[in-house]
A.B. asks: 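Dropping the structure in here first, questions after.
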Protein chains: 2
Amino acid sequence: MSRPTIYDVARESGFSIKTVSRVINEAPNVRKETVDRVRAAIELLQYHPDPAAQRLGGGKLPTIGVLVDSIDDPFFAQVVAVIEARAMDVGMDVLVASTGMDETRLRMQIQRLARRGVAGLVVAPFGEPEHVSAALPDDVPVVVIDRRCGVTDKDVVRVTDEQGATDAVRHLVARGHRRIGFLGKTSAFNTLEDRYTGYEKALAEAGIEVDARLVETRAWTADEAYPYALAMLATADAPTAVFAASPMMGLGVLRAQQRLHRQDVALVIFGDYPVAELMTPPTTVIDQRPSALADTAFDLLARRIQDPAAEVLDTVLPTLLVPRGSGELAPRADS
Amino acid sequence: MSRPTIYDVARESGFSIKTVSRVINEAPNVRKETVDRVRAAIELLQYHPDPAAQRLGGGKLPTIGVLVDSIDDPFFAQVVAVIEARAMDVGMDVLVASTGMDETRLRMQIQRLARRGVAGLVVAPFGEPEHVSAALPDDVPVVVIDRRCGVTDKDVVRVTDEQGATDAVRHLVARGHRRIGFLGKTSAFNTLEDRYTGYEKALAEAGIEVDARLVETRAWTADEAYPYALAMLATADAPTAVFAASPMMGLGVLRAQQRLHRQDVALVIFGDYPVAELMTPPTTVIDQRPSALADTAFDLLARRIQDPAAEVLDTVLPTLLVPRGSGELAPRADS
DNA sequence: CGGGGTGTTGACAGCGCTGTCATACCGCCA
DNA sequence: TGGCGGTATGACAGCGCTGTCAACACCCCG
């Protein structure tokens, strides 16, 4: 009546449950004919092993946990989507959890997922290195994505934050811009710090001095960025171009531009976002390529699950400058 | 060394594992003092029951499964996010899975989730009613979201598709539009069919006859919609307004508008999307309010988990017309 | 022809928990 | 005082699987 168990398969096939178990797990030293007979019984009964039972007595769930800031952030949504797709291919499923950018919750969620017996964890951490390191479990394979957070004993996949930012600002400089604004809460993550460094570097290359009035590092959300962007764009010596160090900063700038009816300010945003190509003008972005990041993270996780002692890797993927229009605007004539 | 088990708590507290189990499950007939002593031991050892073991021998995992078309669709991403948040509040976690709009995969994923022993399932189905009904399990609580698909024996949460569409088209008619295009693959879902009905109804009210040249029901993705939208907007007697029956159709139209440099065509899209308010002009939408939908779905699921025999509910939530600009454009003077 | 692999299979004990049933004790009434 | 019902607790058998170890059949070699 209920789901068939390994005992039903054993009875049906005429072998012991252990042999059935061997067939399920593709263990060596089972005669080909035996395998076939057991397989036939499995097929006949539509048997599927119970993951919870498999997990008992050692073992892990065929499940991988994904912990991100927020699931409906387009960047993370894509990460989750790719990981889910990859996991499905190998018969695993995905537990999602979010931190809401709360350190206590980050900790709690990691513990919960680990307790669930997941085979591996993909985590986008944040916060102080010592806290993060303490929060990450040592008995479960973990891959850290997007933000390093000082973690050195786990595999990490991230992007070239500094280089990407440099690319962005160089791109603007090449169009003739000299007054280039920066928005991004550099104190929040090392990634944003790196992006600021990239900004500085590109300016230095061009012999442009950093103008503190064009650098805004206090805002974190789009709502917070908006008034700053508004102020920055409204001043007398407003920047002719802006580098938004995150999509949220970008949204703040776009809102400000809309409010001021200023579509002439060049803009490059670090991080692609949906329908960026349909904006007026279409937004030039530094694409962090979340799919590639997630793909790599999955590969690394699979590798570590298979070999927990493998060498710890810090993978840095290149970003991609996607020119769409907003980053190619020339400086206003009157500035 | 390893995680403490119920035996450790039993030893520490001086009671049997069964009594500890009773305390964990808040069973009746346990002396208050005993409860306190056991709780203290649990606290001391930082004990947490193993969900996999709890699930064995009857029982369900403290987990709810969510199955949607695609996790990085903004609509579904928000649904997943809300459900994850609600689940976390009650100590459950969330398994995500996607169908990729493949019927076989829909079936497979449902079976996988059911086998995992989830306590409940939230599913956005599609396809023929008989297939969908066959695919949905009867031994696991299920809530169907967004699309009814002929399901009658499960709780359903959806929105007023027809009314929303009528609202949208009435809104356009009220601005003076008489030639109003429709895009949406009506054969795909009952929801799209309903939206078409709403379109027809609003036109009929206004005494406008449906012009077959303004109705495009073949496209499903944004890529497919684009050429149709292009064709529709480029003809001599092009519509002065368009009702896009889904966000994907909307993207197709927006691309066409961008391509043709036509920002004068009024547009209402069924379904909100990120940064719609930053478009030029900002896009007027019929908001399906995914958060409310997910909230309701969670409530219904909780209710059904608690009482599997509860009356089956078909909940229809209202949509919300959000005027932002594109839907308030007047007809072009020359049409 | 015996000894020592190697390949194939099964018996059985857990894994960490909950359900069933038994036990011990209490107060109470006849 | 015996017995009954109710409360508090524990012993023990599963749940469905995998790990350990033993058993048995072969085969090759000396």
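Below, read A as the first sequence line, B as the second, and so on, with proteins coming before strands; counting in each chain starts at 1. All figures in this text were calculated on a predicted structure; none of them were measured in a lab. Below, each value reflects all heavy atoms present in this structure, side chains not excepted, and no hydrogens, waters or symmetry copies.
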A.B. asks: State whether A:D161 and A:R148 are salt-bridged, where the test is any N-O pair (Lys NZ or Arg NE/NH1/NH2 against Asp/Glu carboxylate O) under 4.0 Å.
C.D. replies: no

A.B. asks: Mind checking B:D50 for me? I need base, sugar-phosphate or nothing, with any heavy atom below 4.0 Å counting as a touch.
C.D. replies: sugar-phosphate

A.B. asks: Determine the minimum heavy-atom distance between A:P125 and A:V132, stating which atoms define it.
C.D. replies: CB-CG1, 3.8 Å

A.B. asks: Just to be sure I understand the rule, does B:P28 reach a base, reach only the sugar-phosphate, or reach nothing, if contact means heavy atoms closer than 4.0 Å?
C.D. replies: nothing

A.B. asks: Under the criterion side chain to side chain donor-acceptor pair (under 3.5 Å), I'd like the reasoning laid out for A:S291 against A:Q78: C-alpha separation, chi angles, the key distance, then a yes or no.
C.D. replies: CA-CA 7 Å; A:S291 316; A:Q78 206 171 339; 2.8 Å; yes

A.B. asks: Applying side chain to side chain contact (heavy atoms under 4.5 Å, CB included), can you list everything that pairs with A:S13, at least two apart in sequence or on another chain?
C.D. replies: A:F15, A:V20, A:V38, A:A41

A.B. asks: Which is true for A:I17 with a 4.0 Å heavy-atom rule: it touches a base, it touches only sugar-phosphate, or it touches nothing?
C.D. replies: base

A.B. asks: Quick check on A:E26: does its CD atom have over 12 non-hydrogen neighbours (other residues, nucleotides or ligands) under 6.0 Å away?
C.D. replies: no

A.B. asks: Let's see if you get this right: which residues in residues 32-47 of chain A place a heavy atom under 4.0 Å from DNA chain C?
C.D. replies: A:T34

A.B. asks: For B:R303, check salt bridge (charged side-chain N to carboxylate O under 4.0 Å, His left out) against everything at least two apart and list the hits.
C.D. replies: B:D155

A.B. asks: Could you work out how much the helix from C:dC1-D:dG30 to C:dA30-D:dT1 bends, comparing the axis of its first five pairs with that of its last five, to 10°?
C.D. replies: 60°

A.B. asks: Report yes or no: does A:R3 contribute a side-chain atom to a donor-acceptor pair with the main-chain N or O of A:H48 at less than 3.5 Å?
C.D. replies: yes

A.B. asks: Go through the structure and list residues passing salt bridge (charged side-chain N to carboxylate O under 4.0 Å, His left out) with B:D153, not counting sequence neighbours.
C.D. replies: none

A.B. asks: Would you indicate, yes or no, if D:dG10 has its OP1 or OP2 atom less than 4.0 angstrom from a side-chain nitrogen or oxygen of B:T19?
C.D. replies: yes

A.B. asks: Mind listing the closest non-hydrogen atom pair of A:V156 and A:V151 along with its distance?
C.D. replies: CG2-O, 4.2 Å

A.B. asks: Could you give the start and end, 5' to 3', of the contact zone on DNA chain C for chain B, using atoms under 4.0 Å from its heavy atoms?
C.D. replies: C:dG16 to C:dT20

A.B. asks: Any side-chain to backbone donor/acceptor pair from B:K154 onto B:P137? Under 3.5 Å, distance only.
C.D. replies: yes

A.B. asks: Does A:Y7 reach a base, just sugar-phosphate, or nothing at all? Heavy atoms under 4.0 Å.
C.D. replies: base

A.B. asks: Do B:V96 and B:E84 have side chains that approach each other closer than 4.5 Å (heavy atoms only, starting at C-beta)?
C.D. replies: no

